[in-house]
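Below, chain A is the first sequence line, B the second, and so on; all start at residue 1.
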Protein chains: 2
Amino acid sequence: MSASRSPVRQSSVRAHNLALVLQTVANSADRPSRAAVSAATGLTRATVSALVDDLIAGTLLTELDPAPRTGAGRPAAGLALAPDGPAGLGLEINVDYLAACVVDLTGAVRHRFVTRADQRLLPPCDSLAEVIRLAARAQQAATADGLVLAGAALAVPGLVAPGGLVRVAPNLGWQDVDAVTPLTAATGLPVTVDNEANLAALGELRADGAEPTFLYVSGEIGIGAGIVLDGELYRGGRGWSGEIGHVTVYPDGRPCRCGANGCLEQYAGQEAVAADPDLAAAALGIALSAVVNLLDLGVIVLGGGYAPEFERLRGGIEAELRRRVLTADLAPVSLRAAALGADAAMRGAADAVIRGVREDPAGWLATAQAV
Amino acid sequence: MSASRSPVRQSSVRAHNLALVLQTVANSADRPSRAAVSAATGLTRATVSALVDDLIAGTLLTELDPAPRTGAGRPAAGLALAPDGPAGLGLEINVDYLAACVVDLTGAVRHRFVTRADQRLLPPCDSLAEVIRLAARAQQAATADGLVLAGAALAVPGLVAPGGLVRVAPNLGWQDVDAVTPLTAATGLPVTVDNEANLAALGELRADGAEPTFLYVSGEIGIGAGIVLDGELYRGGRGWSGEIGHVTVYPDGRPCRCGANGCLEQYAGQEAVAADPDLAAAALGIALSAVVNLLDLGVIVLGGGYAPEFERLRGGIEAELRRRVLTADLAPVSLRAAALGADAAMRGAADAVIRGVREDPAGWLATAQAV
DNA sequence: TCAAATAATTCAACCAATAAACAAATCCCA
DNA sequence: TGGGATTTGTTTATTGGTTGAATTATTTGA
């Protein structure tokens with residue numbers, strides 16, 4: 001079942017190994033030689049050489065000066081991700097700002113545009129028109145740098161259906177908004193739309209020293225979560241996972257706008273945190289304990305509005321985790337503030353595009369050659 | 001990242017395609033011909049023929065009379081899983097019984113042995129000795145049928161570490177018990193140990209008409225859950241997922257033996273269900289709403305002690321789900337009783353062994369040939 | 001009885017990885 | 001200063017596995 005339901009031919013072998021080599025270079029701290037990649041992957045030096053040639057021809061890798069020498073022998077040629085390779089366009093529509101950025105293959109933010117403006121009173125088409133303007137500026141800046149964009153991704157604070165339709169974005173006042181069509185038309189790029197917390201979690205995954213399995217919690221007006229399992233975003237059966245804001249904390253507690261009582265959002269939303277940080281921490285601790293009991297996650301990252309309040313919340317959350325997580329004494333749960341700030345979702349969106357290229361370089365090489 | 005971190009050679013292609021062909025035959029309602037498998041998988045008829053030859057030689061597939069004819073042309077040879085192929089030995093140690101069963105490659109239960117006896121007062125080695133006796137009887141019965149056992153799996157109601165060590169099984173009174181070593185020594189088979197709810201979920205996955213993504217909840221003295229995502233058991237970062245029994249339902253509620261207050265177990269454990277089914281249903285509904293909000297699972301299966309009480313619990317659970325699941329009106333959550341009864345965990349254990357063979361037939365062929 | 005149709009096998013060609021030999025470039029030591 | 005040791009990277013023949021086309025096998029229907 002786990003095995004993909006499709007046949008494998010020789011070309012799939014090459015596709016897989018291209019990805020393997022690219023990822024190995026990407027995850028290396030230094031600039032590995034072909035021989036080092038060969039040792040790390042288990043592929044022959046000859047094979048690695050052939051694969052690297054393809055990747056260099058497709059501007060996914062570049063050769064650099066060798067890493068500092070060690071002993072005898074012919075000096076190595078250092079490999080690294082190409083800064084002039086395919087880049088990603090990250091977009092975000094949020095309650096009080098719009099943003100766009102260009103991130104290159106190495107993960108460096110090359111351009112960044114932000115417009116602060118309350119989107120709650122605007123119709124969706126106005127917000128979209130403005131984000132399209134930002135996207136156009138970003139595209140110009142990218143082409144001025146000689147960068148080719150591989151695609152665009154848009155982060156939205158709401159429930160997004162698999163096709164990219166925004167079903168509900170309560171804090172924007174959106175309902176069943178199709179953002180994919182206008183953005184594709186305007187940018188000429190393949191466009192995906194995703195939940196803000198999901199993309200922020202992906203952004204966090206790429207930050208330095210990030211663990212492969214963690215829960216990212218974003219505390220804004222609403223509360224969202226991105227579940228990352230083994231380096232992979234878990235989207236749920238229908239793409240609507242991570243709605244931690246409506247996990248019940250106090251069954252007969254405060255009424256929530258969703259119709260239920262005692263949702264986390266009522267005790268740990270932005271207003272609630274400002275009003276009573278201790279109450280917020282306790283409520284968060286109860287909800288997060290449920291997550292850890294269910295999913296056995298060892299790391300929880302607090303982002304969005306929680307990041308600046310992290311030190312004030314930490315103690316209260318950890319107390320509840322110690323009390324309520326069954327395996328707390330077998331395996332500790334660590335809590336940390338998000339490494340990326342407010343840009344997390346936008347960065348994550350751009351990273352998602354880059355990720356696509358990194359995970360399927362063969363596909364990119366094919367499309368790049370076709371043009 | 002998702003891409004496995006290992007190189008792919010041509011032999012991996014064959015391994016993958018062998019698995020693909022085997023799974024395709026296994027999942028077919030009828031008895032597909034080589035040509036039908038070719039059409040279903042996208043592999044060439046020539047390739048499928050070669051692969052099928054290998055699978056037949058390894059007694060994983062057999063040729064049968066063709067399925068009912070349709071039109072003109074040479075009649076097909078029907079393919080099916082071999083009933084005399086490798087079988088799995090499923091074992092279970094539970095609070096008030098021990099069990100063993102032999103399941104063949106087709107999923108049929110060939111033999112079944114159960115001993116009713118309270119294990120709570122016995123030291124672990126006594127329970128293990130008795131389950132080893134059952135295992136020996138099952139092995140004899142299997143060899144009498146001409147079956148070769150591919151391995152054994154043991155279901156235990158407790159937390160199991162990745163290596164197979166039972167860290168804690170509160171209702172058995174076990175702590176840090178190594179069941180793998182004595183079982184391997186006694187049976188001469190590769191042995192795995194796993195949580196009872198996890199294995200029961202796997203058993204349920206194999207039942208007719210099962211969905212690929214669901215939550216299995218087992219209500220015994222404790223409450224465990226198995227999370228199945230896309231046909232795959234989710235074990236969590238450290239193998240301890242699914243501890244739904246200690247999800248907080250009423251933060252200041254009844255004290256639990258784990259030290260926390262208001263755990264689900266105190267409101268929906270076996271005793272609580274008997275005492276007040278409505279309270280149990282409400283508590284279950286609250287906890288399950290949290291699961292659905294977090295993981296977006298569309299199907300919940302109630303097993304163990306919940307199965308016979310299903311109709312009495314259903315209404316109360318569904319009411320809470322409707323109220324507390326954010327996406328309840330976008331996508332319904334369906335609730336059903338487990339298809340397998342008390343045998344679920346034992347069957348799931350045997351299935352887990354079979355599953356290993358089905359997912360990696362190349363590995364099995366290699367070991368079978370070596371012998 | 002022969003043509004059409006469908007199933008399965010055979011065989012040459014191709015593609016990708018491997019293993020081993022070879023070429024290139026540096027260090028180290030006499 | 002020069003030769004061996006050492007490591008990197010490339011070249012070449014070989015192997016394994018799938019493909020595609022042709023071939024053989026077996027039935028239905030005109």
Side-chain angles (χ1 to χ4, degrees), chain A residues 6-21 24-25 28 30-57 61-79 361-362 365-366, chain B residues 6-21 24-25 28 30-57 61-79 361-362 365-366:
Chain A
S6 56
V8 167
R9 47 203 89 247
Q10 286 95 321
S11 62
S12 327
V13 173
R14 193 162 189 82
H16 178 105
N17 286 340
L18 277 170
L20 180 63
V21 168
T24 303
V25 173
S28 291
D30 50 346
R31 304 163 169 182
S33 65
R34 290 166 172 76
V37 171
S38 162
T41 58
L43 293 164
T44 319
R45 288 207 307 277
T47 305
V48 170
S49 267
L51 293 168
V52 164
D53 285 349
D54 276 16
L55 292 171
I56 289 179
L61 289 182
T62 37
E63 272 188 330
L64 295 170
D65 284 345
R69 296 307 324 286
T70 53
R74 171 176 168 175
L79 297 171
L365 294 180
Chain B
S6 56
V8 167
R9 48 205 90 245
Q10 285 98 316
S11 63
S12 329
V13 172
R14 191 163 191 82
H16 178 105
N17 286 340
L18 277 170
L20 180 63
V21 167
T24 304
V25 173
S28 290
D30 50 346
R31 304 162 169 184
S33 64
R34 291 165 171 78
V37 172
S38 161
T41 57
L43 293 164
T44 319
R45 289 205 304 278
T47 306
V48 170
S49 267
L51 294 168
V52 165
D53 285 350
D54 277 14
L55 292 171
I56 289 179
L61 289 182
T62 37
E63 273 188 331
L64 295 171
D65 285 344
R69 298 303 327 283
T70 54
R74 170 176 169 176
L79 296 172
L365 294 180

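- If you measure from atom CZ of Arg45(B) to atom P of dG17(D), you get 22 Å, rounded to the nearest angstrom.
- Comparing the helix axis at one end of the helix from dT1(C)-dA30(D) to dC22(C)-dG9(D) with that at the other, each defined from 5 consecutive pairs, gives an inter-axis angle of 0° (nearest 10°).
- Judged by distance alone, the side chain of Asn17(A) and the main-chain N or O of Pro7(B) form no donor-acceptor pair under 3.5 Å.
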What protein N or O atoms touch nucleotides 1-6 of chain D N or O atoms at under 3.5 angstrom, if any, and at what distances?
{"residue": "dT6(D)", "atom": "O2", "partner": "Gly73(A)", "partner atom": "N", "Å": "3.3"}

Under the side-chain contact (heavy atoms from CB on, under 4.5 Å) rule, what do Val37(B) and Val52(B) come out as? Steps first, then yes or no, please. CA-CA 10 Å; Val37(B) 172; Val52(B) 165; 5.7 Å; no
Applying side-chain contact (heavy atoms from CB on, under 4.5 Å), run through Val8(B) and Val8(A) and close with a yes or a no. CA-CA 11 Å; Val8(B) 167; Val8(A) 167; 6.0 Å; no
All N/O pairs under 3.5 Å across the protein-nucleotides 17-20 of chain C interface:
{"residue": "dA17(C)", "atom": "OP1", "partner": "Asn17(A)", "partner atom": "ND2", "Å": "3.2"}
{"residue": "dA17(C)", "atom": "OP2", "partner": "Arg14(A)", "partner atom": "NH1", "Å": "2.7"}
{"residue": "dA17(C)", "atom": "O4'", "partner": "Gln10(B)", "partner atom": "OE1", "Å": "3.3"}
{"residue": "dT18(C)", "atom": "OP1", "partner": "Arg9(B)", "partner atom": "NH1", "Å": "2.8"}
{"residue": "dT18(C)", "atom": "OP2", "partner": "Thr44(A)", "partner atom": "N", "Å": "3.3"}
{"residue": "dT18(C)", "atom": "OP2", "partner": "Thr44(A)", "partner atom": "OG1", "Å": "2.8"}
{"residue": "dT18(C)", "atom": "OP2", "partner": "Thr47(A)", "partner atom": "OG1", "Å": "2.9"}
{"residue": "dT18(C)", "atom": "O5'", "partner": "Thr44(A)", "partner atom": "OG1", "Å": "3.3"}

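- To the nearest 0.5 Å, atom OG1 of residue Thr62(A) and atom CG of residue Leu55(A) are 11.0 Å apart.
- Every residue two or more places apart in sequence or in another chain that forms a side chain to side chain donor-acceptor pair (under 3.5 Å) with Arg14(A) is listed here: Asp54(A).
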Using the rule given for side-chain contact (heavy atoms from CB on, under 4.5 Å), can you reason through Leu43(A) versus Leu51(A), listing the C-alpha separation, both sets of side-chain angles and the distance that settles it, and then say yes or no? CA-CA 10 Å; Leu43(A) 293 164; Leu51(A) 293 168; 4.0 Å; yes
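- Side-chain contact between Pro32(B) and Thr24(B): absent, with no pair of heavy atoms (C-beta onward) separated by less than 4.5 Å.
- Pairing each heavy atom of Val13(A) with each of Arg9(B), the nearest pair is CG2-O, 4.4 Å.
- Identified under the side chain to side chain donor-acceptor pair (under 3.5 Å) test for residues 33-52 of chain B, with sequence neighbours left out: Arg34(B)-Glu63(B).
- To the nearest angstrom, P of dT10(C) lies 11 Å from CZ of Arg34(B).
- Taking atom CG of residue Asp54(A) and atom C1' of nucleotide dA16(C), one finds them 11 Å apart after rounding to whole Å.
- At the phosphate of dA8(C), OP1 or OP2 sits under 4.0 Å from a side-chain N or O atom of Ser33(B).
- Under the side chain to side chain contact (heavy atoms under 4.5 Å, CB included) criterion, Ala362(B) pairs with Ala15(B), Leu18(B), Asp360(B), sequence neighbours left out.
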